Peer 1: 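Input: one structure, supplied below.
Here the structure is a predicted model, which is why all the values come from computation and not from measurement.
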Amino acid sequence: MIYYIHYFGIAGRATITIVNPDRRQAYNLEYGDALRIPAGSTSYILNPDDNQKLRVVKLAIPINNPGYFYDFYPSSTKDQQSYFSGFSRNTLEATFNTRYEEIQRILLGNEDEQEYEEQRRGQEQSHQDEGVIVRVSREQIQELTKYAQSSSGKDKPSQSGPFNLRSNEPIYSNKYGNFYEITPDRNPQVQDLDISLTFTEINEGALLLPHYNSKAIFIVVVGEGNGKYELVGIRDQQRQQDEQEEEREEVRRYSARLSEGDIFVVPAGYPISINASSNLRLLGFGINADENQRNFLAGSEDNVIRQLDREVKELTFPGSAEDVERLIKNQQQSYFANTQPQEQQQSEKEGRRGRRGLISSI
């Protein structure tokens, strides 16, 4: 199986080496770096820091069988077999021009588990016992990192090396948060894959305003912090179509708490908002990202509701066009807003007006 992978660092530092038939190239990766590993490449990743954990996120795009991919390794460990073990004895002897016993000793090890277990009793742990993650000596780290290159920074995006999402200015920013994005038209490494990469910082007590993506599906990973998302969809669309075809579609709010390590998917066209109960850091992969349009439903900028004709506002909403425009202008921030003052104001007004308070946000 061959596939594309994108690595995206969320903690620690790393050195990754990509090996091809004619050369190998090592890169240093830091917080916020992303790197494309071409299909079929052999790669290995190193954590050079003894005191810092390394966490990465990878997006695999299968080539042979959509939805499924497999890792192949040249060496055997307790977690997997070498791809050389799939060849016959005769093929291996002809390939290496060496007796099979020597090939087995050097490349394969003893792959008979029962016999292997008997031989390893009372012996020191070998690299085959450690699985796909092994301990590296300080001398080996120095050699593996000696010629590694770093990300391109604010220079022109590299055709093959790492790039950092935070090296350029955020596309959305205010004192409540920042939103960084690499789109297919801005970086050659993601252009033919039709994906985008996003990094979102939402400060404690702030809200990423309700919005939806026109055509991109986003896979979002919580890298740090806690919060809550609210996603608006249609309840059991297929069941409604089968059982209640004549009735109107029912809008439903899907919500969930967010914490470090969580993953959620945002379908195209579904409005979403994200509230941060602590400083929240989100990593996102956008699928079908070319020419995706992000449409905000509130805020002073890039607000699609604000762009509606006055006559359409009059015809669409229960309130008058004047009321709608006044309500929209109440939110003077764009993209990110502070939730706490609004909650206090809403409580005060609801106390005075009873059930005639402001319209609640999505």
Side-chain angles (χ1 to χ4, degrees), residues 1-10 14 16-43 45 56-69 148-173 178-201 211-221 223 263 265-270 282-296 302 335:
M1 186 66 187
I2 53 177
Y3 51 91
Y4 286 94
I5 297 180
H6 287 261
Y7 276 101
F8 189 93
I10 60 175
I16 187 167
T17 303
I18 302 174
V19 181
N20 290 298
D22 57 344
R23 71 184 189 124
R24 65 177 179 270
Q25 183 64 59
Y27 300 103
N28 291 320
L29 301 178
E30 298 183 354
Y31 181 74
D33 277 348
L35 175 67
R36 172 176 176 170
I37 301 180
S41 297
T42 296
S43 64
I45 188 167
V56 299
V57 176
K58 67 178 182 179
L59 174 68
I61 305 178
I63 302 297
N64 293 335
N65 189 5
Y68 297 92
F69 68 93
Q149 300 179 7
S150 298
S151 62
S152 58
K154 294 187 178 182
D155 299 333
K156 184 178 180 181
S158 169
Q159 294 285 340
S160 58
F163 54 93
N164 194 293
L165 270 71
R166 293 159 53 91
S167 63
N168 295 309
E169 295 296 322
I171 62 172
Y172 311 131
S173 180
N178 297 292
F179 188 98
Y180 302 83
E181 184 172 31
I182 296 293
T183 54
D185 61 316
R186 295 178 58 192
N187 191 292
Q189 293 195 50
V190 300
Q191 188 170 30
D192 64 309
L193 300 179
D194 195 13
I195 72 169
S196 65
L197 298 172
T198 64
F199 180 76
T200 310
E201 300 173 321
H211 65 280
Y212 67 90
N213 292 283
S214 61
K215 62 189 290 287
I217 301 170
F218 272 88
I219 303 169
V220 184
V221 182
I263 300 175
V265 178
V266 183
Y270 282 48
L282 306 172
L283 318 173
F285 298 95
I287 313 299
N288 302 324
D290 188 34
E291 297 184 355
N292 175 64
Q293 177 70 48
R294 191 170 291 104
N295 300 284
F296 282 87
D302 296 334
Y335 317 121

Peer 1: Would a distance-only check, ignoring hydrogens and angles, find a side-chain to backbone donor-acceptor pair under 3.5 Å from Arg36 to Gln189?
Peer 2: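 Side chain of Arg36 to backbone of Gln189: a pair is present.
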Peer 1: Given Arg186 and Asn168, is the side chain to side chain contact (heavy atoms under 4.5 Å, CB included) satisfied, shown in steps?
Peer 2: CA-CA 11 Å; Arg186 295 178 58 192; Asn168 295 309; 3.7 Å; yes
Peer 1: Which distance, rounded to the nearest 0.5 Å, do you find between the CD1 of Ile219 and the CG of Leu283?
Peer 2: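 One gets 12.0 Å once the value is rounded to the nearest 0.5 Å.
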Peer 1: How long is the straight-line distance from CG of Leu35 back to NZ of Lys58, given to the nearest 0.5 Å?
Peer 2: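 So the NZ of Lys58 and the CG of Leu35 are separated by 13.0 Å.
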Peer 1: Nearest 0.5 angstrom please: Leu197 CG to Ile195 CD1, how far?
Peer 2: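 The CD1 atom of Ile195 is 5.0 Å from CG of Leu197, to the nearest 0.5 Å.
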Peer 1: Checking Asn295 now: which residues fulfil side-chain contact (heavy atoms from CB on, under 4.5 Å) with it, not counting sequence neighbours?
Peer 2: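 Asn295: side-chain contact (heavy atoms from CB on, under 4.5 Å) contacts with Tyr212, Ser214, Gln293, Val304.
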Peer 1: When rounded to the nearest 0.5 angstrom, what is the spacing between CD1 in Ile217 and CD1 in Ile287?
Peer 2: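 If I round to the nearest 0.5 Å, the distance is 7.5 Å.
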Peer 1: From Asp33 CG over to Asn28 CG, what is the distance, rounded to the nearest 0.5 angstrom?
Peer 2: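 The CG atom of Asn28 is 9.0 Å from CG of Asp33, to the nearest 0.5 Å.
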Peer 1: Is there a donor-acceptor pair closer than 3.5 Å between any side-chain N or O of Lys215 and the backbone N or O of Glu291?
Peer 2: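 The answer is no, because no donor-acceptor pair under 3.5 Å joins these two groups.
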Peer 1: Testing the basics here: between Val265 and Pro267, what is the closest heavy-atom pair and its distance to 0.1 Å?
Peer 2: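 Minimum heavy-atom separation between Val265 and Pro267: O-CD, 3.5 Å.
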Peer 1: Got a sec, which residues hit side-chain hydrogen bond (donor to acceptor under 3.5 Å, both in side chains) with Thr200, two or more places apart in sequence or on another chain?
Peer 2: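 Counting only residues at least two positions away or on another chain, Thr200 forms no side-chain hydrogen bond (donor to acceptor under 3.5 Å, both in side chains).
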Peer 1: Sequence neighbours excluded, which residues qualify as side-chain contact (heavy atoms from CB on, under 4.5 Å) partners of Gln149?
Peer 2: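 Partners of Gln149 by the side-chain contact (heavy atoms from CB on, under 4.5 Å) criterion, ordered by chain and then number, come out as Gln25, Tyr27.
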Peer 1: Do the side chains of Ile37 and Ile16 get nearer than 4.5 Å, heavy atoms only?
Peer 2: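 In contact.
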Peer 1: My understanding is that only residues two or more places apart in sequence, or in another chain, count here; which of them pass side-chain contact (heavy atoms from CB on, under 4.5 Å) with Ser173?
Peer 2: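 Ser173: side-chain contact (heavy atoms from CB on, under 4.5 Å) contacts with Pro170, Asn178.
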Peer 1: Quick one: side-chain contact (heavy atoms from CB on, under 4.5 Å) partners of Pro184, sequence neighbours excluded?
Peer 2: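 With sequence neighbours excluded, Pro184 shows a side-chain contact (heavy atoms from CB on, under 4.5 Å) to Asp194, Ser196, Ala289, Asp290, given in chain and number order.
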Peer 1: Show the numbers, then the answer: is there a side chain to side chain contact (heavy atoms under 4.5 Å, CB included) between Thr183 and Asn292?
Peer 2: CA-CA 9 Å; Thr183 54; Asn292 175 64; over 6 Å; no
Peer 1: Within this structure, what is the CG-CZ distance for the pair Asn213 and Phe218, rounded to the nearest 0.5 Å?
Peer 2: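 If we round to the nearest 0.5 Å, Asn213:CG and Phe218:CZ are 5.0 Å apart.
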Peer 1: Under the 3.5 angstrom rule, does the side chain of Asn20 hit a backbone N or O of Asp22 as a donor-acceptor pair?
Peer 2: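 Not a single qualifying donor-acceptor pair exists.
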Peer 1: Suppose we screen for ring-ring contact (aromatic ring centres under 6.0 Å, His included). Which residues come up paired with Tyr172, at least two apart in sequence or across chains?
Peer 2: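 So Tyr172 forms a ring-ring contact (aromatic ring centres under 6.0 Å, His included) with Phe179, Phe296, Tyr335.
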Peer 1: Please examine the side chains of Ile171 and Tyr180, heavy atoms only from C-beta on, and report whether any two atoms are closer than 4.5 Å.
Peer 2: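 Side-chain contact under 4.5 Å: no.
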